Colleague: 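Would you mind keeping the following structure in view while I ask a few things?
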Amino acid sequence: MSSVAAAPAVALVGNPNAGKTSLFNALTGARQKVANYPGVTVERKVGVLRLPDGSSADLIDLPGAYSLDPRSPDEMVTRDVLLGRQEGEAEPRAVIAVVDATNLSNQLRFVLELVQLGRPVVVALNMMDLAQRDGLTIDRAALERELGIPVVETVAVRRRGLEGLADTVLPLLGDAQKASLPQLDTRALQRRARDIANAVVSGGNQAGGFTRRLDRLFLHPLAGPLILAAILFLMFQAVFAWASAPQDWIDGGIAALQNLTVDLMPPGVIRDFIIEGLLAGVGAVIIFLPQIVILFAFILVLEQSGYMVRAAFLMDKLMASVGLSGRSFIPLLSSFACAIPGIMATRTIADPKDRMTTIMIAPLMTCSARLPVYAVIIAAFIPSTNVGPFGLQGLVLFGLYAFGIVGALVAALALRRTVTRGTGTGFMMEMPKYQVPALRDLMIGIWQRAYAFLRRAGTIILAATVVLWLFASYPVAPEGESQVDYSLAGRIGSGIETVVSPIGFNRDIAIALVPAMAAREVAVAALGTVYAIDSEDEEVLEGQLASRLGASWSLPTALAFLAWFVFAPQCISTFAVTRRETNSWRWPVFMFAYLFAMAYVGAGLTYWIASALLG
Ligand SMILES: Nc1nc2c(ncn2[C@@H]2O[C@H](COP(=O)(O)OP(=O)(O)OP(=O)(O)O)[C@@H](O)[C@H]2O)c(=O)[nH]1
Ligand SMILES: [Mg+2]
């Protein structure tokens, strides 16, 4: 046993969006996700808080909550940690109550509740910069007196007040003394909170003036939806228009590496693998890095500016019409990055059936792993022309995202009438204040996304491609026969083809579908590898995948392939996280079954209709 006592724990607690995680990151050097909407943090995270005497404490970042009486699974975590019910974890020795200074009258109630717990509490009066912007004056000394606990002014995003906070926390840790506050019921607490806020806050006729003015435009019944549509439109146009130059550089770089490999290495298995597996396979995925970066830059700006919740509000009517609550919007929106954080974000949804419905449809939101698949098919089959002022490729991409959303709405409607019967509750979400996104946060966010994409390419996508390359390269075909036809992968693919040929899929798609269960992007890598193995000459593979596809697939097949990827649950990780979050096998199995059924029917319909129309 260690003789060193465990570090004391300090918990960051407060209403959603008050800036807890921003403080956590600033105090510990962590890079947890921060965004301008309630419900970003859904799990507890621990970091090291250095104290002025050289000792340290475990700082715990918690999901936002409105009280100790949890309404949703994420708020339960907050209560359990605070009350020491978290398994294997001691009660926090002290609490930092994070308060949005511009919203004292609503947020002080929870602070009083925390004080009543009897644990030492210090208030971090955060967002003081915004309080100033709104013309509010807060009498800090009076607030300390009224609450009977220390109050420190902070601006988490500018790292202001951090030292003061650490200085104030330190003496509390040795302190077994309990704060003395008469136990009040909820009503009385609420009244007391209001009274205190009224006593210490002055000025602020301008309160929220900036935000209110912008909302008059962004939430306007007519202008609001138009602006939202325009923003999304611009986003998809940008994904193609801005990415094409950097994509060409990457493409050229990969082709140069292939040529270099041919020049420098003797023919053999290793050279084949580098050219066909690594460069033609994984390289075909990495080309899409610029598009991923542009997409996320847009999403991050929307999240950080506070616009996201407005979008949720605008979509609420539509959501309600299929039985979803506005609460589902943010988890669904997060699923545009990846279904996994999206499904985890459903922990903010109080109603279990609401939550289950949202989990079930989250994989229909177009995650970023589909982007390479969509983009390679679009590049191969959709001409880069303009329709009026809009690029056709961007329009098609927009359409694919829209298809996923429509599919999700239809699925929600069906689920709400059957397995998760019920109706959604109305829109209940606090509107955050508008902010100019902090450049640093933006850069960190983009970097994290780019890194995650490249890491996937270097691990799971690489691994799946290696296996596929082996299967497609052996046994070695005799002279004059097609290597892929003769290989194990080719034979397995032919078997699968019988199942998927009715929906227009060819043998090469059949080969790609199985490894793509590991990650959707593998479909692109697999096609790149298969065509590279089958190609006659080894030189200059630049732009090859798109042109190979364009030459060997019919347009109906390509469209069916796109439709398949709109719906198909090609992702083992989604299965695993659904299993964990629903704590059952039934739900993930159900999810995969209904999504595969939708994919099969969707691809089939697309193929038949396209074939009929195109003669
Ligand atoms: N202007 C200003 N913005 C801040 C400050 N602290 C945090 N923010 C912003 O407020 C938003 C919410 O910050 P988070 O740290 O994610 O808030 P949280 O309390 O962890 O939110 P949940 O995890 O959803 O409960 C982000 O957009 C931050 O950039 C501050 O002191 N001043
Ligand atoms: Mg947080």
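Bear in mind the structure is a predicted one, so any value in this text is a computation, not a measurement. Ligands are counted one by one from 1 in listed order, and the atoms in each one are counted from 1 as well.
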Colleague: Identify the protein heavy atom lying closest to atom 27 (O) of ligand 1, giving its residue, its atom name and the separation to 0.1 Å.
Modeller: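 Closest protein heavy atom to atom 27 (O) of ligand 1: Asn36 CB, 3.3 Å.
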
Colleague: Would Ala156 count as a polar contact of ligand 1, with the cut-off being nitrogen or oxygen pairs under 3.5 Å?
Modeller: yes

Colleague: I want to confirm something. Looking only at heavy atoms, which of Thr78, Asn25, Asp441, Asn126 is nearest to atom 5 (C) of ligand 1?
Modeller: Asn126

Colleague: Side chain or backbone, does Val34 bring an N or O within less than 3.5 Å of an N or O on ligand 1?
Modeller: no

Colleague: Backbone or side chain, does any N or O of Val40 fall under 3.5 Å from an N or O of ligand 1?
Modeller: yes

Colleague: How about Thr41: does one of its N, O or S atoms come closer than 2.8 Å to the Mg ion (ligand 2)?
Modeller: yes

Colleague: Examine the proximity of ligand 1 to Gln435 and report which part, side chain or backbone, both or neither, has a heavy atom under 4.0 Å away.
Modeller: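 The part of Gln435 near ligand 1 is the side chain, not the backbone.
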
Colleague: How close do Leu170 and Pro52 get, counting heavy atoms only, and between which atoms?
Modeller: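 Minimum heavy-atom separation between Leu170 and Pro52: CD2-CG, 4.0 Å.
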
Colleague: What residue and atom, counting heavy atoms only, is the protein's closest point to atom 13 (O) of ligand 1, and at what distance?
Modeller: Ser22 OG, 3.5 Å

Colleague: Start with the C-alpha gap between Ile330 and Thr348, add the side-chain angles, then the distance that decides, and say whether side-chain contact (heavy atoms from CB on, under 4.5 Å) holds.
Modeller: CA-CA 10 Å; Ile330 299 255; Thr348 58; over 6 Å; no

Colleague: Does any N, O or S atom of Gln32, backbone or side chain, fall under 2.8 Å from the Mg ion (ligand 2)?
Modeller: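 No, Gln32 does not qualify, because none of its backbone or side-chain N, O or S atoms lies under 2.8 Å.
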
Colleague: Using a strict threshold of under 4.0 Å (side-chain N to carboxylate O), is an ion pair present between Arg109 and Glu113?
Modeller: yes

Colleague: Atom 17 (O) of ligand 1: which protein heavy atom is closest, and how many Å away?
Modeller: Gly19 N, 3.1 Å

Colleague: What closest approach, in Å, do Ser325 and Met319 show between heavy atoms, and which atom pair accounts for it?
Modeller: O-CE, 3.5 Å

Colleague: If the threshold is 4.0 Å, N to carboxylate O, is there a salt bridge linking Glu43 and Lys45?
Modeller: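 Answer for the salt bridge query: yes.
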
Colleague: To the nearest 0.5 Å, how far apart are CG in Leu371 and CZ in Phe296?
Modeller: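 Going from the CG atom of Leu371 to the CZ atom of Phe296 covers 9.0 Å.
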
Colleague: Between Phe233 and Phe398, does the ring-ring contact (aromatic ring centres under 6.0 Å, His included) criterion hold? Intermediate values first, please.
Modeller: CA-CA 7 Å; Phe233 225 73; Phe398 184 65; 4.8 Å; yes

Colleague: Which of the numbered atoms in ligand 1 are under 4.0 angstrom from any heavy atom belonging to Tyr37?
Modeller: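 Every atom of ligand 1 under 4.0 Å from some heavy atom of Tyr37: 24 (O).
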
Colleague: Against heavy atoms of Gly64, which atoms of ligand 1 measure under 4.0 Å?
Modeller: 25 (O)

Colleague: Mind checking whether Leu130 contacts ligand 1 via backbone (N, CA, C, O), side chain (CB onward), both or neither, at a 4.0 Å heavy-atom cut-off?
Modeller: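 The side chain, only.
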
Colleague: Could you say whether the N/O atoms of Thr154 and ligand 1 ever approach to under 3.5 Å?
Modeller: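 In fact, backbone or side chain, Thr154 has no N or O that close.
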
Colleague: Among protein heavy atoms, which sits nearest to atom 1 (N) of ligand 1, and what does the distance come to when rounded to 0.1 Å?
Modeller: Asp129 OD2, 2.7 Å

Colleague: Quick one: look up the protein heavy atom nearest atom 19 (O) of ligand 1 and list residue, atom name and how far away it is.
Modeller: Lys20 NZ, 2.6 Å

Colleague: Based purely on interatomic distance, does Thr41 place a nitrogen or oxygen under 3.5 Å from a nitrogen or oxygen of ligand 1?
Modeller: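 Among all N and O atoms of Thr41, at least one is under 3.5 Å from an N or O of ligand 1.
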
Colleague: Taking all heavy atoms of Arg192 and all of Leu112, pick out the closest pair and write down the distance.
Modeller: CG-CD1, 3.7 Å

Colleague: Counting from 1, what ligand 1 atoms have a heavy atom of Asn17 closer than 4.0 Å?
Modeller: 11 (C), 12 (C), 17 (O), 18 (P), 19 (O), 21 (O), 22 (P), 24 (O), 25 (O)

Colleague: For Ser335 versus Gly342, what's the shortest heavy-atom pair and its separation?
Modeller: OG-CA, 3.5 Å

Colleague: Under 4.0 Å between a Lys/Arg side-chain N and an Asp/Glu carboxylate O for Asp69 and Arg79?
Modeller: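 Salt bridge between Asp69 and Arg79, a charged N being under 4.0 Å from a carboxylate O: no.
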
Colleague: Do Arg416 and Asp354 sit within salt-bridge range, that is, some charged N less than 4.0 Å from a carboxylate O?
Modeller: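 Answer for the salt bridge query: yes.
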
Colleague: Taking both backbone and side-chain atoms of Ala18, is any N or O found less than 3.5 Å from an N or O belonging to ligand 1?
Modeller: yes

Colleague: Got an N/O contact under 3.5 Å between Gly39 and ligand 1?
Modeller: yes

Colleague: Considering heavy atoms of the protein only, find what lies nearest to atom 29 (O) of ligand 1 and give residue, atom and distance to 0.1 Å.
Modeller: Val157 CG1, 3.5 Å

Colleague: Centroid-to-centroid, Phe218 to Tyr434, below 6.0 Å?
Modeller: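 When the ring centroids of Phe218 and Tyr434 are compared, they turn out to be within the sub-6.0 Å range.
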
Colleague: Does the Gln32 side chain pair with the main chain of Thr21, one donor and one acceptor, at a distance under 3.5 Å?
Modeller: no

Colleague: Please determine whether any non-hydrogen atom of Phe24 lies less than 4.0 Å from an atom of ligand 1.
Modeller: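 The answer is no, since Phe24 has no heavy atom less than 4.0 Å from ligand 1.
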
Colleague: Should the heavy atoms of other residues, nucleotides or ligands under 6.0 Å from CD of Glu163 be counted, would the total exceed 12?
Modeller: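 No.
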
Colleague: Can you tell me which portion of Ala35 lies within the under-4.0 Å heavy-atom range of ligand 1? Options are side chain, backbone, both, or neither.
Modeller: backbone

Colleague: Closest non-hydrogen protein atom to atom 10 (O) of ligand 1, residue and atom name please, with distance?
Modeller: Met127 CE, 3.3 Å

Colleague: Can you find an N or O of Pro38 that's nearer than 3.5 Å to an N or O of ligand 1?
Modeller: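 It does not: no N or O of Pro38 is found under 3.5 Å from an N or O of ligand 1.
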
Colleague: Looking at Arg355 and Glu581, is any side-chain nitrogen of the basic one under 4.0 Å from a carboxylate oxygen of the acidic one?
Modeller: yes

Colleague: Return a yes/no value for Lys33: is any of its N or O atoms, backbone included, closer than 3.5 angstrom to an N or O of ligand 1?
Modeller: no

Colleague: Are any of the N/O atoms on Gln304, whether in the backbone or the side chain, positioned under 3.5 angstrom from an N/O atom of ligand 1?
Modeller: no

Colleague: Evaluate Thr358 against Thr346 for side-chain hydrogen bond (donor to acceptor under 3.5 Å, both in side chains), listing each step before the verdict.
Modeller: CA-CA 7 Å; Thr358 312; Thr346 64; over 6 Å; no

